[in-house]
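In what follows, a structure is listed as structure tokens, so that the remarks can point back to it.
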Amino acid sequence: MPVVETPVTLTPSDAGLTDAEVHRIRNDFPILGTEVNGKPLVYLDSGATSQNPVSVMEAEQEFYEQRNAAVHRGAHTLAVEATDAYEDARAAVARFIGARTDELVWTSNATEGINLVAYAMSNAAAGRGGDAARRFAVGPGDTLVVTEMEHHANLIPWQELAARTGAELRFLPVDDDGALRLEEAAAVITPATKLVAFSHASNVLGTINPVAEIVRLAQSVGALTLLDACQSVPHLPVDVKDLDVDFLVFSGHKMLGPTGIGALYGRAELLNAMPPFLTGGSMITTVTMERAEYLPSPNRFEAGTQRISQAVALGAAANYLAETGMSRVEAWESALGARLVEGLGAIPGIRVLGPRAGVPRIGLAAFDVDGVHAHDVGQFLDDRGIAVRVGHHCAQPLHRRFGLTATTRASTYLYTTTDEVDAFLEAVAHVRPFFGAN
Amino acid sequence: MSTGLEQLYQQIILDHAKARHGSPLREYDGAGRVGESHQLNPVCGDEITLRAGVADGTLTSVTWDGAGCAISMASASVLTDLVQGLPRDEVIALVDAFREVLRSRGRIEADEEVLGDAAAFSGVSRFPARVKCAMLAWVALEESLLAANA
Ligand SMILES: Cc1ncc(COP(=O)(O)O)c(C=O)c1O
């Protein structure tokens, strides 16, 4: 039989999105065609929350118009259809991050996912879950490790867990270029460490952290790992099995989905050994007046009536991103990130936080304007229809680390054009002259 | 430049944001009582510590340290100029009048006769996200007077 050589062709997914494609994509997002203050909206705040394509909004509406019913309860046809839609969405989102379906737990957002794990751990520390849950128990003599660049969502739940259990919270410091100082890691991640919780990509610095290296360090001391993937899952290809983390969280509203829905990934064997956080209906097998047995994951962690329509819409968002191609999204945004850093760097009096030009970063940049407060910068840009985030971006310790209380952040997504980035850069160049800063 | 932005950032505001009358914070060594207040806007990190000295029912001294946006810093500076040497009750009335204008969403024009340079902040009332910035020092003064129990 002749051997047919398949020719190696460069499929479109090997390159980034093109300008033309981005313009086509924009047509799917009605809000991007609106005006603000009489100017076309230039939306550079996707790092805070992204916009929704029509297909996502239609998925939610279609659910309410045609399938709305309680899921996993009741045997009527509508309930079966609602349950199918809900579980199909779970499968779509799980597939999107390379997880098994039973490893994806719905949450309200990333914050709730992190709290779920933190409270499950303190329940384990209180003896809940028995022997199987012992590896989640922390107490005096144990350490929890985070990083100095964490969003408050991945800091405060661990402060609270430490306070409740007597464990100690430690952190990996950040260097002047916004990278984790891994040379300190061996002193911070020790055999006493029970958990290492860190972000995949920083919402302020844009830094992409070396997950493999940190996971290796954590695993070498037997610590659990939790990855805050809020700024990675929406923007770059993520495969939980490749990353080899124990837990991973993200929010739907940052990945073209609605608010009120997010997810926690956990290795099946861990989720099934972990005591629940919220308890009540829909997460049990047998209940007596004295006690209850719990379902396996994911239902074990989904007490009460769930955010069904939002889950369905998030499934549609994951499908939209998968069809577009995450490596192409990543390449496009990485080019925008580079354009931001180079452009800002060329404006006098601007100091960009995070990786220098030429070093990989996600498609965002936070910066300080010498002599002008971030709030005023944001107001100036808003007047031109440009929406950016100002403040500490829920990362006060990180800002303090750089001697700042607030910065301005421009963050892009797959629908952001180079023209928008250029309009933003042009506007920023006028900020210091307007405020008379010199 | 659109009128909105210039209504907000009037020249007098930009000037006061730099001049910062009343700053830095100083020990009060005058007669009477002294009160202090620290105010923080957790949304943007704007911060002010203000100290007020009151003797015989008169505000004899206002000094402050602050970090924040042009609106919050200029407002503290204008406030200092406006209230030094006024009877305590008049100061309270001014704070109330200022607050009423700022919360009006543009419906109430400030009376320049009463509020002086602080009338320049009228434009802020159309930017609800910035009202707290403009109020920061005024709230600090109010609290300082309470703390001075005068
Ligand atoms: C890195 C990071 N972690 C956590 C969060 C919290 O996300 P949420 O507020 O949706 O729970 C955010 C976004 O605000 C984020 O950027």
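Only heavy atoms go into these numbers, but all of them, side chains included; no hydrogens, no water, no symmetry mates. Chain naming here is simple, since letters A, B, ... match the order of the sequence lines and numbering starts at 1 in each.
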*Does A:Phe435 reach the side chain of B:Tyr9, with side-chain heavy atoms less than 4.5 Å apart?*
yes
Assert top hit (heavy-atom pairs under 4.5 Å, partner chain B, pool A:Gly436, A:Ala437, A:Gly391, A:Ala406) equals A:Gly436
Given B:Cys69, B:Gly45, B:Gly68, B:Ala67, the one with more heavy-atom pairs under 4.5 angstrom with chain A than any other is B:Cys69
Under 4.5 Å between any side-chain heavy atoms of B:Met73 and A:Asp376, yes or no? no
Can you confirm whether A:Arg356 is buried at CZ, in the sense that more than 12 heavy atoms of other residues, nucleotides or ligands lie under 6.0 Å from that atom? no
Here the gap from B:Leu5 atom CG to A:Phe434 atom CZ, rounded to the nearest 0.5 Å, amounts to 4.0 Å
Min side-chain heavy-atom separation A:His375-B:Ile71 under 4.5 Å: no
* To do: In sequence, state the C-alpha distance, the side-chain angles, and the governing distance for B:Asp46 and A:His373, and then conclude on side chain to side chain contact (heavy atoms under 4.5 Å, CB included).
  => CA-CA 9 Å; B:Asp46 282 3; A:His373 192 273; 3.3 Å; yes
**OP:** Take atom CD of A:Gln159 as the centre, draw a 6.0 Å sphere, and report whether it contains more than 12 heavy atoms from other residues, nucleotides or ligands.
**Re:** yes
Query raised in the report: When you look at CD of A:Glu35, are more than 12 heavy atoms from neighbouring residues, nucleotides or ligands closer to it than 6.0 Å?
Result: yes
